[in-house]
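Quick notes on the structure that follows.
First listed ligand is number 1; within each ligand, the first listed atom is number 1.
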Amino acid sequence: MIWAQAHHRVIGRNNDLPWHLREDLKHFRTTTAGDAVVMGRRQWESLPEKVRPLPGRRNVVLTRDPDYQAPGAELAANLEQALALVADEDAWICGGGQVYDEAIDHADLLVVTEIDLSVEGDTYAPQIGAEFQTSEVGAWQQAENGVRYRILTYRRR
Ligand SMILES: NC(=O)c1ccc[n+]([C@@H]2O[C@H](COP(=O)([O-])OP(=O)(O)OC[C@H]3O[C@@H](n4cnc5c(N)ncnc54)[C@H](OP(=O)(O)O)[C@@H]3O)[C@@H](O)[C@H]2O)c1
């Protein structure tokens, strides 16, 4: 799974990101390039049209609506179906909050950008339990807009 969180695990507000961090979008792009990405219907709808589907990646969208249309993506009616679609390749769960909560039990790697900001939010990253151990802690960096961030990696024990 891959996500970015501000203080108190905030990841979203009004179906959007509560910050602008070009460096993190680039990190997301390079980390997931060439792999499959699995996301919830709301996260899919939050993507700007020019990157929907996310280019250069197999896009899988979770929805319980059998009539939903997501041009350029494959649909999955439940998590099991989504994971079966990408079983033979590297795949990233990329949100949003509902999908992170449901999928963390299936994840073996978490790549988390910590953003040093206090922001209002309505969507939160899952708690990372003791089944994961920290494997890499990146140095704090300063983005071009002055925001501090660092990247942590957790692996399943
Ligand atoms: N900071 C970050 O790294 C990051 C990353 C991603 C997203 N976000 C933020 O997260 C927010 C969106 O998250 P969210 O929790 O509101 O929504 P979400 O997880 O993106 O999507 C929820 C929808 O996905 C479908 N879904 C979820 N679980 C399913 C299942 N097991 N089977 C079938 N369909 C399933 C349902 O669609 P239907 O209603 O169509 O059935 C559900 O309404 C936005 O604010 C976004 O910006 C932040």
Could you say whether the N/O atoms of [X] and ligand 1 ever approach to under 3.5 Å?
X: R41; result: yes
X: R64; result: yes
X: R42; result: yes
X: E102; result: yes
X: I2; result: no
X: A76; result: no

- prompt: Crowded around D65 CG? As in, over 12 foreign heavy atoms under 6.0 Å?
  reply: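 Yes, the 6.0 Å shell around CG holds more than 12 heavy atoms from other groups.
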Proximal ligand 1 atoms for [X], defined as those under 4.0 Å from one of its heavy atoms:
X: L17; value: 1 (N), 2 (C), 4 (C), 47 (O), 48 (C)
X: A77; value: 32 (N), 33 (C)
X: G95; value: 6 (C), 20 (O)
X: W3; value: 3 (O)
X: W19; value: 1 (N)
X: G12; value: 45 (O)
X: C94; value: 5 (C), 6 (C)
X: N15; value: 11 (C), 12 (C), 44 (C), 45 (O), 47 (O)

Measuring from atom [atom1] of [X] to atom [atom2] of [Y], what distance do you get when rounded to the nearest 0.5 angstrom?
X: I128; Y: T134; atom1: CD1; atom2: OG1; result: 8.0 Å
X: T123; Y: N15; atom1: OG1; atom2: CG; result: 7.5 Å
X: I104; Y: F132; atom1: CD1; atom2: CZ; result: 4.5 Å

query: Hey, quick one: are V112 and V137 part of the same hydrophobic cluster, counting side-chain heavy atoms closer than 4.5 Å, chains of contacts allowed?
result: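 Linked within one cluster.
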Could you tell me whether the side chain of [X] and the main chain of [Y] form a donor-acceptor pair under 3.5 Å?
X: R150; Y: G138; result: no
X: D122; Y: N14; result: yes
X: Q5; Y: Y124; result: no
X: N59; Y: L54; result: yes
X: R57; Y: P55; result: yes

query: Pick one: which of L62, V99, T63, L75 meets side chain to side chain contact (heavy atoms under 4.5 Å, CB included) with R41?
result: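 Considering L62, V99, T63, L75, a side chain to side chain contact (heavy atoms under 4.5 Å, CB included) with R41 is found only for T63.
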task: Applying side chain to side chain contact (heavy atoms under 4.5 Å, CB included) between H27 and each of L21, T32, T113, report the one that passes.
output: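 With H27 as partner, L21, T32, T113 yield a single side chain to side chain contact (heavy atoms under 4.5 Å, CB included), made by T113.
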How far is [atom] from its nearest protein heavy atom, and which residue and atom name does that atom have?
atom: atom 40 (O) of ligand 1; result: T63 OG1, 2.6 Å
atom: atom 7 (C) of ligand 1; result: Q43 OE1, 2.9 Å
atom: atom 25 (C) of ligand 1; result: L62 O, 3.2 Å
atom: atom 18 (P) of ligand 1; result: G96 N, 3.5 Å
atom: atom 13 (O) of ligand 1; result: G97 N, 3.2 Å
atom: atom 1 (N) of ligand 1; result: A4 O, 2.8 Å
atom: atom 27 (C) of ligand 1; result: Q98 OE1, 3.6 Å
atom: atom 48 (C) of ligand 1; result: I11 O, 3.1 Å

Below 4.0 Å from ligand 1: does a non-hydrogen atom of [X] turn up there or not?
X: Y100; value: yes
X: M39; value: no
X: R13; value: yes

query: Picking from Y100, F28, W92, what satisfies ring pair (Phe, Tyr, Trp, His ring centres under 6.0 Å) with W3?
result: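 That would be Y100.
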message: Evaluate E131 against R157 for salt bridge (charged side-chain N to carboxylate O under 4.0 Å, His left out), listing each step before the verdict.
response: CA-CA 6 Å; E131 66 276 25; R157 287 181 197 277; over 6 Å; no
- prompt: Looking only at non-hydrogen atoms, which of D16, D101, V99 approaches atom 45 (O) of ligand 1 most closely?
  reply: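 Among D16, D101, V99, the closest heavy atom to atom 45 (O) of ligand 1 belongs to D16.
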